[in-house]
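Encoded as structure tokens, the structure appears first; notes follow it.
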2 protein chains.
Amino acid sequence: MKISEVAELTGLSVSTIRFYEKSGLCPFIQRGADGKRRFSKTDADWLGLLASLRATGMPMSEMRTFADLYASGDATIPKRRATLLAHRQRLAARQAELERCRTILDRKLQKYEEIMKDQT
Amino acid sequence: MKISEVAELTGLSVSTIRFYEKSGLCPFIQRGADGKRRFSKTDADWLGLLASLRATGMPMSEMRTFADLYASGDATIPKRRATLLAHRQRLAARQAELERCRTILDRKLQKYEEIMKDQT
DNA sequence: CGCTTGACCTAAAGCAGCTTCAGGTCGGTA
DNA sequence: TACCGACCTGAAGCTGCTTTAGGTCAAGCG
């Protein structure tokens with residue numbers, strides 16, 4: 001698989017994938033004889049997971065740690081699980097905050113509507 | 001009201017409030033004779049709204065436009081309403097994406113659990 | 001009275017997480 | 001053969017803050 005396909009698949013940009021590799025989030029991507037990156041299905045899945053983690057606000061430093069665990073094999077699965085569990089907590093908090101902000105916006109919109117009604 | 005109190009109230013940091021003023025998101029904050037910022041209740045409410053907009057991902061450029069409208073008085077309320085309506089759409093999309101990511105994380109966690117069970 | 005402490009101030013540098021740009025190498029096609 | 005498009009690299013640029021360095025001033029303490 002080539003980089004443009006992985007970008008398409010994961011929603012990450014081609015630049016971001018290269019940037020992630022340089023940052024050590026996927027240092028194991030192979031190259032063809034032509035020097036171009038060749039992604040296995042597993043690589044693509046991994047990048048997809050990274051995309052979800054980033055989209056939900058995991059800092060790169062933590063993703064880096066997570067990637068190091070991933071690269072060390074199945075023995076690190078309990079640690080990875082713990083990381084994801086902690087992250088899920090933060091995600092829930094984030095979702096709650098967005099919901100709170102949504103009601104604030106909705107209330108503000110209602111106020112606008114009242115003012116507009118009063119003025120006609 | 002002083003800046004530390006507004007920070008407490010809105011959840012923004014003192015630095016962020018100063019930064020927002022410099023960026024034109026609240027250029028109308030008064031100063032006391034001592035040169036310190038003095039915030040009215042209205043100012044604090046405005047910053048609270050800004051905080052919600054930022055927390056939900058509105059870019060500063062758009063907040064800037066929104067702030068300019070706010071500073072121009074009630075006549076701009078229809079435009080402000082339109083801005084918030086559009087933003088609410090994006091917020092809904094964002095919430096949907098977080099939800100999607102949450103199920104991905106949950107599935108990954110389940111896989112980890114299966115692997116750990118198999119290995120015992 | 002002088003001295004420190006703490007809240008405020010500014011301007012500028014630093015940081016995270018990308019994106020964009022400049023410049024170069026290929027393989028395929030008109 | 002000459003160009004196009006996809007890939008490559010390294011470096012600079014961008015956004016949205018945070019941190020740092022350096023300064024003012026009022027309050028409180030020995």
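Reminder, nothing fancy here: chain letters follow the sequence lines and each chain counts from 1.
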Among [options], which is the nearest nucleotide to the side chain of [X]?
X: B:Ile3; options: D:dG16, D:dG10, C:dC9; value: C:dC9
X: A:Arg37; options: C:dT19, D:dC8, D:dG10; value: D:dC8
X: B:Arg54; options: C:dC8, C:dT19, D:dG16; value: D:dG16
X: A:Thr16; options: C:dC18, D:dT18, D:dA6; value: C:dC18

Can you tell me the distance, in whole Å, between the [atom1] atom of [X] and the [atom2] atom of [N]?
X: B:Lys36; N: D:dA26; atom1: NZ; atom2: P; result: 8 Å
X: A:Ile17; N: D:dA6; atom1: CD1; atom2: C1'; result: 14 Å
X: A:Met58; N: C:dG17; atom1: CE; atom2: P; result: 12 Å
X: A:Arg64; N: C:dA16; atom1: CZ; atom2: C1'; result: 15 Å
X: A:Asp34; N: C:dG24; atom1: CG; atom2: P; result: 20 Å
X: B:Arg38; N: C:dA7; atom1: CZ; atom2: P; result: 14 Å
X: A:Met60; N: C:dT19; atom1: CE; atom2: P; result: 11 Å

Just to be sure I understand the rule, does [X] reach a base, reach only the sugar-phosphate, or reach nothing, if contact means heavy atoms closer than 4.0 Å?
X: B:Arg31; value: sugar-phosphate
X: B:Ser13; value: sugar-phosphate
X: B:Arg18; value: base
X: B:Ser4; value: sugar-phosphate

Is it the case that atom CD in A:Glu62 sees more than 12 heavy atoms from other parts of the structure closer than 6.0 Å?
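Above 12, so yes.
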Neighbour count >12 (heavy atoms, 6.0 Å) for atom CD, B:Gln119
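More than 12 heavy atoms, drawn from other residues, nucleotides or ligands, come within 6.0 Å of this atom.
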Only one of B:Arg90, B:Gln95, B:Arg88, B:His87 passes side chain to side chain contact (heavy atoms under 4.5 Å, CB included) with B:Thr56; say which it is.
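Filter result, single survivor: B:His87.
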